[in-house]
Amino acid sequence: VVGRDVGALGKHLALIGFMGAGKTTVGREVAARIGRPFVDTDEEVERRHGPITKLFAERGEAEFRALEEVVVAEALSATEPAVIALGGGAVLSEATRERLRMAAHVVHLLVDPSDAWSRAGGADRPLATDEKSFVRLFEERLPLYAECANASARGTEDVLLGGLGVTVVAVSTGVSLSPDALVADQAVLALHPLDLTCPVLTVPSGESAKRLDVVERLWDALEVDRVGTLVAYGGGTTTDVTGFVAATYKRGVDWAAWPTTLVGQVDAAIGGKTGIDLETGKNLAGAFHYPSRVVIDPKLLETLPPEERRAGLAEVIKTGLLAGGPFWELDDEGMVRGCAAYKASVCLADPFEETGRRAVLNLGHTFAHALEAASGYELRHGDAVALGLLAALRLSGLPTDVVEDVLAPKPVAVDLDAAWAAMRRDKKNREGRIRLVLLDAPGRPVFPVELPEAEVRAALAELVRH
Ligand SMILES: NC(=O)c1ccc[n+]([C@@H]2O[C@H](COP(=O)([O-])OP(=O)(O)OC[C@H]3O[C@@H](n4cnc5c(N)ncnc54)[C@H](O)[C@@H]3O)[C@@H](O)[C@H]2O)c1
């Protein structure tokens with residue numbers, strides 16, 4: 001990250017919002033998904049001092065607020081990043097607002113006042129006794145929440161996206177990114193022109209953007225300040241090369257991604273991996289450099305050629321199998337939102353590929369990379385992933401119909417020995433043993449799985465046309 005502040009990486013994810021917004025339920029879910037401890041400050045106040053209603057009645061609101069401030073301060077000073085759900089009125093304290101600015105990425109969990117009242121009204125809450133004053137309080141607090149929040153959200157998926165600075169918008173508001181310079185795929189710019197005043201630099205379409213000579217040209221052309229923002233507008237190749245330029249130019253400048261392909265929106269633009277290709281292999285020079293924002297507009301996908309959509313669908317099915325949700329059955333917005341939120345959750349859990357949790361994203365990819373290598377990179381990545389998913393499902397003992405129905409992969413004519421040799425070189429392997437990502441069930445990935453070699457080779461052979 002080059003010491004930069006991106007979303008909730010390395011800091012607390014704090015949930016604020018009105019009572020009845022669901023901060024406790026959503027917070028607990030988010031914490032479980034990203035492998036962090038969960039703190040609910042109301043529960044903590046009650047654990048230490050007894051029921052809040054009683055505190056209000058016996059000691060008054062001011063004293064309750066003072067006790068709450070201490071609990072929040074303690075939670076925010078913990079060194080291990082947590083998910084913290086704050087009581088609805090906690091942000092009334094100036095000291096708490098300052099601590100939130102310093103130590104947390106703050107997400108405002110939105111709720112409509114009528115829903116909030118039906119959940120929290122009349123209940124055992126001192127400030128929810130009659131609807132009129134409840135709604136008045138709601139309106140008073142809104143500006144305060146907006147002032148404190150880095151992102152706003154409705155539900156778990158949104159919080160996960162917001163936690164990594166990702167927004168899914170139904171219509172293009174990407175211009176709100178206000179770039180200091182835009183790096184665009186020239187074909188995308190022709191299809192979806194933009195009315196911007198900043199300098200626009202173009203890169204070629206496709207893998208030929210991820211080359212050192214393109215990087216050099218961009219370095220030379222850039223006149224971005226150390227604090228400026230570079231925005232990438234295009235598919236995964238554009239975001240990979242732009243992110244790499246941002247990671248290296250003046251030792252790292254801020255960047256944002258505005259992905260325009262399905263692969264970009266569900267995968268490449270999220271997770272901080274940037275890089276270019278070398279003669280000796282793909283993605284061999286690169287850096288982790290998270291974009292501070294990712295703006296996803298599913299409408300841009302309407303012009304995507306069918307083969308590019310298919311490439312993205314292979315990743316959508318992979319993600320759906322990992323998450324246990326049929327994302328491929330949703331409309332574009334739902335599909336992209338679900339997949340992007342899943343990838344964001346895995347990246348928040350393991351931002352720099354250090355704990356192994358991120359390895360699950362390789363479902364089907366060990367086979368895919370082997371087939372691509374054996375084809376001399378003639379086989380398209382999406383088609384290779386489709387075949388790899390077939391093998392992973394078969395070895396998991398699970399039905400393969402989703403992959404067959406949506407992607408209909410056909411065995412490929414490559415040399416089996418060459419593919420096997422490539423599989424044995426996979427970087428996840430340890431001490432010469434192939435380590436696979438498989439599924440106990442949809443939604444329950446397991447890694448690492450080591451199976452007898454003969455079984456893995458037989459699964460690979462089924463993908464190869466003889
Ligand atoms: N960084 C990561 O974590 C990560 C993850 C997955 C893939 N990748 C990388 O992403 C790259 C593949 O990305 P990709 O599949 O988006 O390819 P791409 O960027 O080459 O785009 C594919 C094609 O679609 C065109 N296109 C883009 N947007 C369009 C639109 N809205 N309408 C019509 N055409 C459009 C492009 O001009 C190009 O010809 C690979 O280099 C891969 O290594 C990176």
Side-chain angles (χ1 to χ4, degrees), residues 164 166 171-172 174 182-194 202-211 214-215 232-247 255 257-278 281-291 294-316 318-319 332 336 339-340 342-344 346-347 350-353 358-365 368-369 372-373 377 379-386 388:
L164 214 47
V166 184
V171 281
S172 185
L182 186 90
V183 179
D185 173 333
Q186 58 195 17
V188 173
L189 205 54
L191 275 170
H192 302 280
L194 299 173
T202 57
V203 292
S205 301
E207 207 62 28
S208 56
K210 288 174 58 172
R211 286 171 26 167
V214 174
V215 171
Y233 183 55
T237 56
T238 310
T239 50
D240 272 11
V241 72
T242 309
F244 182 65
V245 166
W255 78 290
W258 190 353
T260 64
T261 61
L262 191 50
V263 168
Q265 298 190 349
V266 302
D267 190 2
I270 300 163
K273 285 190 180 179
T274 73
I276 56 169
D277 303 333
L278 301 182
K282 278 193 62 176
N283 300 319
L284 285 185
F288 269 111
H289 189 52
Y290 274 81
V294 181
V295 172
I296 298 180
D297 176 3
K299 275 239 168 258
L300 289 168
L301 303 177
E302 284 171 7
T303 53
L304 208 58
E307 66 277 14
E308 298 302 339
R309 192 174 170 86
R310 215 179 111 77
L313 274 177
E315 300 299 339
V316 168
K318 177 197 83 175
T319 311
D332 280 3
V336 162
C339 291
Y342 182 82
K343 178 137 188 206
V346 175
C347 294
D350 182 13
F352 304 107
E353 220 159 47
R358 213 168 146 144
V360 297
L361 298 172
N362 280 302
L363 180 72
H365 280 59
H369 291 149
E372 284 176 277
Y377 295 93
L379 179 63
R380 289 185 57 102
H381 180 66
D383 293 332
V385 171

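Owing to the predicted nature of the structure, the values given are computational and were not obtained by experimental measurement. Below, each value reflects all heavy atoms present in this structure, side chains not excepted, and no hydrogens, waters or symmetry copies. Whatever order the structure lists ligands and atoms in, that order sets their numbers, starting from 1.
Without hydrogens or angle criteria, Asp277 side chain to Asn283 main chain gives a donor-acceptor distance under 3.5 Å.
Partners of Asp185 under the side chain to side chain contact (heavy atoms under 4.5 Å, CB included) rule, at least two apart in sequence or in another chain, are Ala187, Val188, Ser205, Thr238.
Note on ring orientation: taking the six-membered ring where Trp is involved, the planes of Tyr290 and Phe352 are perpendicular (angle over 60°, cut-offs 30° and 60°).
Salt bridge absent: Asp332 and Lys299 never bring a charged side-chain N and a carboxylate O closer than 4.0 Å. Contact check on Lys273 versus Glu353 returns a salt bridge, with a Lys/Arg side-chain nitrogen under 4.0 Å from an Asp/Glu carboxylate oxygen.
A donor atom on one side chain and an acceptor atom on the other are not found under 3.5 Å apart for His192 and Thr260.
Residues with a heavy atom under 4.0 Å from ligand 1: Asp185, Ala187, Val188, Leu191, His192, Ser205, Gly206, Glu207, Lys210, Gly235, Gly236, Thr237, Asp240, Thr260, Thr261, Val263, Asp267, Ala268, Lys273, Lys282, Asn283, Leu300, Thr303, Leu304, Pro305, Glu308, Lys343.
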